[in-house]
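One structure is given below, encoded as structure tokens.
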Amino acid sequence: IGAETVTFPIDTTKTRLQLQGQTMVSAGTDATNGAKVAGKYSFKGGPYSGMLNALRVIVSHEGGSALYSGLSAAILRQMSYGTIKLGLYHRFKKFFASKAEDELFVVNLVCAASAGSIAAAIGNPTDLLKIRMQALQSKDA
């Protein structure tokens, strides 16, 4: 939780940089050559020229608290993901390797991969919520 809190402003600026200038071009006809096009993303310049510039612009236009928008969802994701992953890993390990001699590398690998995959699938909605909260700009900006 501490590491998430310390690094969260960097994650927020990264998310804003990734999303800047992204617009959806609707399906229709391309104006340049008349060809039919499906809906696609086009990229136009954005307000940020780099990581430090994005940090400065966010703080000056929205305040320092904007850097922590979405922190609650990030902490919820970390807590649920870690708990589920460790809990499932130990359950799977007990099920597949009840004796110490049954504990092979392959068994540990399969247990860890399965537990991590399930935990990631369950934690994914909170990650999406975090990104959407980070992407929102205050109405004053």
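The first residue of the sequence shown is numbered 1, and numbering continues consecutively from there.
Not one N or O on the side chain of Ser114 forms a donor-acceptor pair closer than 3.5 Å with the backbone of Cys111. At least one donor-acceptor pair closer than 3.5 Å links the side chain of Gln20 to the backbone N or O of Tyr48. In this structure, Arg16 contributes its side chain and Asp11 its backbone to no donor-acceptor pair below 3.5 Å.
Checked against side-chain hydrogen bond (donor to acceptor under 3.5 Å, both in side chains), Ser69 has no partners two or more places apart in sequence or in another chain. Listed by chain and residue number, Ile10, Thr13, Lys14, Leu17 satisfy the side chain to side chain contact (heavy atoms under 4.5 Å, CB included) test with Met51 (two or more places apart in sequence, or in another chain). Thr83 meets the side chain to side chain contact (heavy atoms under 4.5 Å, CB included) test with no other residue; sequence neighbours excluded.
One finds the CG atom of Leu19 at 11.0 Å from the CZ atom of Arg132 (value rounded to the nearest 0.5 Å). Distance OG1/Thr15 to CZ/Phe8: 7.5 Å, rounded to 0.5 Å. Rounded to the nearest 0.5 angstrom, Arg77 CZ and Asp127 CG are separated by 5.0 Å. Atoms CG and OH, from Leu86 and Tyr81 in turn, are 9.0 Å apart once rounded to the nearest 0.5 Å. Note: Leu136 CG to Ile131 CD1 = 12.5 Å, rounded to the nearest 0.5 Å. For the atom pair CZ (Arg56) and CD1 (Ile58), the distance works out to 11.0 Å, reported to the nearest 0.5 Å.
Hydrophobic clustering, with ILVMFWY side chains joined whenever heavy atoms are under 4.5 angstrom apart, keeps Tyr89 apart from Phe96. Residues Val57 and Leu55 share a hydrophobic cluster, clusters being chains of Ile/Leu/Val/Met/Phe/Trp/Tyr side chains in contact below 4.5 Å. Hydrophobic clustering, with ILVMFWY side chains joined whenever heavy atoms are under 4.5 angstrom apart, groups Phe95 together with Leu104. Placement of Tyr68 and Val59 within a single hydrophobic cluster is found when ILVMFWY residues are connected by side-chain heavy-atom separations under 4.5 Å, directly or transitively. Hydrophobic clustering, with ILVMFWY side chains joined whenever heavy atoms are under 4.5 angstrom apart, keeps Met133 apart from Leu67.
Heavy-atom contacts from other residues, nucleotides or ligands closer than 6.0 Å to CG of Leu109 number more than 12.
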Quiz item: Are Gln134 and Lys130 close enough, and set up right, to give a side chain to side chain contact (heavy atoms under 4.5 Å, CB included), and what steps lead you there?
Solution: CA-CA 6 Å; Gln134 285 176 321; Lys130 175 195 77 147; 4.0 Å; yes
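Contact check for Glu103 versus Asn108: side-chain heavy atoms found under the 4.5 Å cut-off. Annotation: side chain of Thr12 is not in contact with side chain of Leu71 (no heavy-atom distance under 4.5 Å).
Annotation for Ala115 and Lys85: closest pair CB-O, 3.5 Å, computed over non-hydrogen atoms. Ala121 approaches Pro125 most closely through the heavy-atom pair O-CD, 3.7 Å.
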